[in-house]
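See below for the structure under consideration.
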Amino acid sequence: MAETNLKDTPDDKSNCAHHASLDLPHILTTIFSNCNPSTTAALARVCRTWNDLAIDQLWSSLPSLLPLLRILLPLVVVGGALDFDRKARPPNWKRFWELASKVRRLEHVDTLEGHTTESPTQLSGRISPNVIPYLFLQQSWTGRLFLLPKLARLEWSVNWGYSLFQLCHFLSPTLRDLIIPIGNRVPIDQVIQNLEYLAALPPTNVRALSISANYPGPNPGVRVAAAVASFIKSQPTLLVLELPSIWTRGEIVDSLVQHSNLIYLDLLLCCDTLAKLRSLLELLARQCPRICYFTYNLPSSFPQLTPHYAIEPLLSCRRLRQIQIFHKHGLSVGSDEIKKMAQAWREMEVLRLCASAADPMPLGTPLALLLEFAEDFSPCLRQLALNFVFDVELPTADVIWASFPRLDVLGVGTSKPESTAQAIVAAEFLTAVCSEQTELAYISADGWRPDAFDTVSRIGGPLFVRQAGVRDRPSSHPIPRKATMSKTNLGVTSDVKSNRAHHPLLDFPDILTIIFTDCSPATNAALARVCRTWNDVAVDRLWSSLPSLLPLLRILLPLIIVDDVLAWREMEVLRLCASAPATAQMGTPLALLLHFAEQFSPRLRQLALNFVFDGGLPTADVVWTSFPRLDVLGVGTSKPESTAQAIVAAEFLTAVCSEQTELAYISADGWRPDAFDTVSWKNAPEVNHWVEVAAMMDFGRRVRKAALTKAPKAGEADSS
């Protein structure tokens, strides 16, 4: 076909595919809100409709106040701060006020003394004391009340004393979120003076407030606590209060007397005795009865905690959904405390109790009591983090009477089993108590408030966490997992719903194709798992461009195996060079065992091969078949390289092998060694990982048997 003559195109329109939905403002706004600034700037040049919406989006969120000031006049450095160059050209007031009215979110960072320079790309710097009065002078002539009349979120980083005073000029009635990080170079006396000045201003409508003061010392920010408390007291509409680095001896709690609607609070309590702690928590519970999310830290010098002082004063706060307590000595809770918490906090979603204990022998909760958490707490509980101890014998899977229905993450803190045997027993117990989607998290990093729900970086952690890979699937048919809930927006969301914005037009294939075209293969693979509609479009896009033929050849590989095995329909024993020397690199990929199970007849009773682990294994929930009667699987002289690899292999073999299958390993040299010996090899020191595999396969079968025993029969289910 000849190349299209663009001049002959009707209405001089572009020949690119264009969907009518892309002319709708709300659709464009959704798309532009997910683009970076450079992309949004390019989209603004497409057409007039896109220009207006893209400009609105581009200026709605500013990383600094400097780009807006440069619209008015060029900036120059005067006295170590940025000031207007009033001799450069006439000020562009019309464009300045037009763009100022679009700003809804603003971040501004001051630099340290001597670091302010003028560059068109610079986004941080000190603003001269002359700039704001110059803006106010013209503002008074035009009758405007506020510099940024639609500002809703402000993050103003303070690195010199005058900057905190400039902040007051941006406190408009539309402001809802205010974040003030204070650097350690600002004199504390100036901080206190300016905070007291801010407290004397008329009340605002701020709902979320965060103030941090990064001063050195064991309890930084104690001196500014009283001034911060005065500012808090003058903000009656507060719903969210976060003070992540300001230690208070009680001033902040006292200032909350008029904040009964507060729902989120993060405090550092600098108290010395258990009695003082209980007194502060009781006062807080009386003044903020509607609080839903509460986090508090205690200093390292604070004495050993007990539930009587740390938890009981908060039981009257019946709406609590999240509570996190940080103390390096740990905390032990018993059966009575678990029942009291469960009865008081029926909507609890996240519970963390001193999980980051740092003592050499910290206190902890017996792991066996996890069963009582599962029994007493409501299904709302999604994340639980404790420091566990292993001083009580764990119940076996066949006598466990309760389990978590929806627990997403179980944080085990810094606790560690003492041996592999103890880890396997703990894994069997946790598999029975936790829900299908539960992942383990371990605190492997030191520092201030380490994440107790990190399920990724814990992979290299102790054996207790590596056993998290042990999962049992009662059948070869995958059971659909319930959708996990995303984190709730603490300050705004009232219902327990996901915050992911979803427009109905994002279900249209042509719209999705336009979006998926610009995604990487890894992103498309993730999007394919969202829903069936997205899966079809994402898979089409994923396979439309291949980096090589290898992915396609791997799909065809089972057909090659079929041609080889169709001849032996009565095969019972198959051994293929299983006694290869340990130095040999050849072998059959373990993943292909699934195709042996699919293609060979039920007569196959003994199979021995030398395996290699050079590819990923399918998880048990996608395994579609298994050996019906295989008695012995000989693994030759092959060896997993690590315990983590052994865990993955055990999960795969438990799903593929039959109930009676035993493992065999060739541990002896000689002429024709026995590849189906299931006994003598287990004492050989070099086969530790296969011993672990066999133990975890046995444990998975026992869990399956217990689950099937407890499951109601068909007739009983019908009658019920």
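All figures in this text were calculated on a predicted structure; none of them were measured in a lab.
- The shortest side-chain heavy-atom distance between Thr273 and Phe302 does not fall under the 4.5 Å cut-off.
- Asp376 is linked by a salt bridge (charged side-chain N to carboxylate O under 4.0 Å, His left out) to Lys339, counting only residues two or more places apart in sequence or in another chain.
- Atom CZ of Arg319 has 12 or fewer neighbouring heavy atoms from other residues, nucleotides or ligands inside a 6.0 Å radius.
- Donor-acceptor pairing under 3.5 Å is lacking for the side chains of Asp408 and Thr438.
- Closest approach of Leu305 and Cys354 over heavy atoms only: CD1-SG, 4.0 Å.
- Within the 4.5 Å cutoff, the side chain of Leu410 has heavy atoms near those of the Leu370 side chain.
- At a threshold of 4.0 Å, the pair Glu312-Lys340 counts as salt-bridged, since one of the basic side-chain nitrogens sits closer than that to a carboxylate oxygen.
- Considering only residues two or more places apart in sequence or on other chains, Arg207 meets the salt bridge (charged side-chain N to carboxylate O under 4.0 Å, His left out) condition with none of them.
- Looking at Arg105 and Ser60, their side chains come closer than 4.5 Å, going by heavy atoms from C-beta outward.
- No donor-acceptor distance shorter than 3.5 angstrom exists from the side chain of Ser245 to the backbone of Ser212, with no hydrogens or angles considered.
- In terms of heavy atoms, Ser335 sits closest to Leu369 at OG-CD2, 3.6 Å.
- Residues satisfying the ring-ring contact (aromatic ring centres under 6.0 Å, His included) criterion with Phe373, sequence neighbours excluded, are Phe377.
- Considering only heavy atoms from C-beta on, Leu277 comes within 4.5 Å of Leu269 through its side chain.
- Leu198 contributes atom CG, which lies 5.5 Å from atom CG of Leu167 (distance to the nearest 0.5 angstrom).
- The pair Arg382-Glu349 does not count as a salt bridge, with every side-chain nitrogen at least 4.0 angstrom from each carboxylate oxygen.
- Taking CD1 from Ile263 and CD1 from Ile291, the interatomic distance works out to 9.0 Å, rounded to the nearest 0.5 Å.
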Atom pairs and distances, side-chain donor-acceptor, residues 251-262, under 3.5 Å, sequence neighbours left out:
{"residue": "Glu251", "atom": "OE1", "partner": "Thr248", "partner atom": "OG1", "Å": "2.8"}
{"residue": "Glu251", "atom": "OE1", "partner": "Arg249", "partner atom": "N", "Å": "2.9"}
{"residue": "Ser255", "atom": "OG", "partner": "Ile252", "partner atom": "O", "Å": "2.6"}
{"residue": "His259", "atom": "NE2", "partner": "Ile232", "partner atom": "O", "Å": "3.2"}
{"residue": "His259", "atom": "NE2", "partner": "Gln235", "partner atom": "O", "Å": "2.8"}
{"residue": "Asn261", "atom": "OD1", "partner": "Arg290", "partner atom": "NH1", "Å": "3.3"}

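- Residues Glu107 and Leu62 have side chains not in contact (no heavy-atom distance under 4.5 Å, counting atoms from C-beta outward).
- Taking the six-membered ring where the residue is Trp, Tyr264 and Tyr293 present tilted rings, their angle falling between 30° and 60°.
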Side chain to side chain donor-acceptor pair (under 3.5 Å) between Thr365 and Asn387, intermediate numbers included: CA-CA 6 Å; Thr365 300; Asn387 212 52; over 6 Å; no

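- How far CD1 of Ile246 is from SG of Cys270: 13.0 Å, rounded to the nearest 0.5 Å.
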Validation: residues 294-301 side-chain donor-acceptor distances under 3.5 Å, sequence neighbours left out:
{"residue": "Tyr296", "atom": "OH", "partner": "Ala310", "partner atom": "O", "Å": "2.9"}
{"residue": "Asn297", "atom": "OD1", "partner": "Arg449", "partner atom": "NE", "Å": "2.7"}
{"residue": "Asn297", "atom": "OD1", "partner": "Arg449", "partner atom": "NH2", "Å": "2.7"}

Table please: side-chain donor-acceptor pairs of residues 278-286 below 3.5 Å, with sequence neighbours left out.
{"residue": "Arg278", "atom": "NE", "partner": "Glu282", "partner atom": "OE2", "Å": "3.0"}
{"residue": "Arg278", "atom": "NH1", "partner": "His308", "partner atom": "O", "Å": "2.4"}

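- In this structure, the side chains of Trp345 and Ile311 come closer than 4.5 Å at one or more pairs of heavy atoms.
- Atoms CZ and CZ, from Phe429 and Phe390 in turn, are 10.5 Å apart once rounded to the nearest 0.5 Å.
- Looking at Ile182 and Ile211, their side chains come closer than 4.5 Å, going by heavy atoms from C-beta outward.
- Taking 4.5 Å as the limit, every side-chain heavy atom of Val389 sits out of range of all side-chain heavy atoms of Ser415.
- Between the side chain of His327 and the backbone N or O of Ser356 there is no donor-acceptor pair closer than 3.5 Å.
- Within the model, atoms CG of Leu331 and CZ of Arg352 stand 12.5 Å from one another, a figure rounded to the nearest 0.5 Å.
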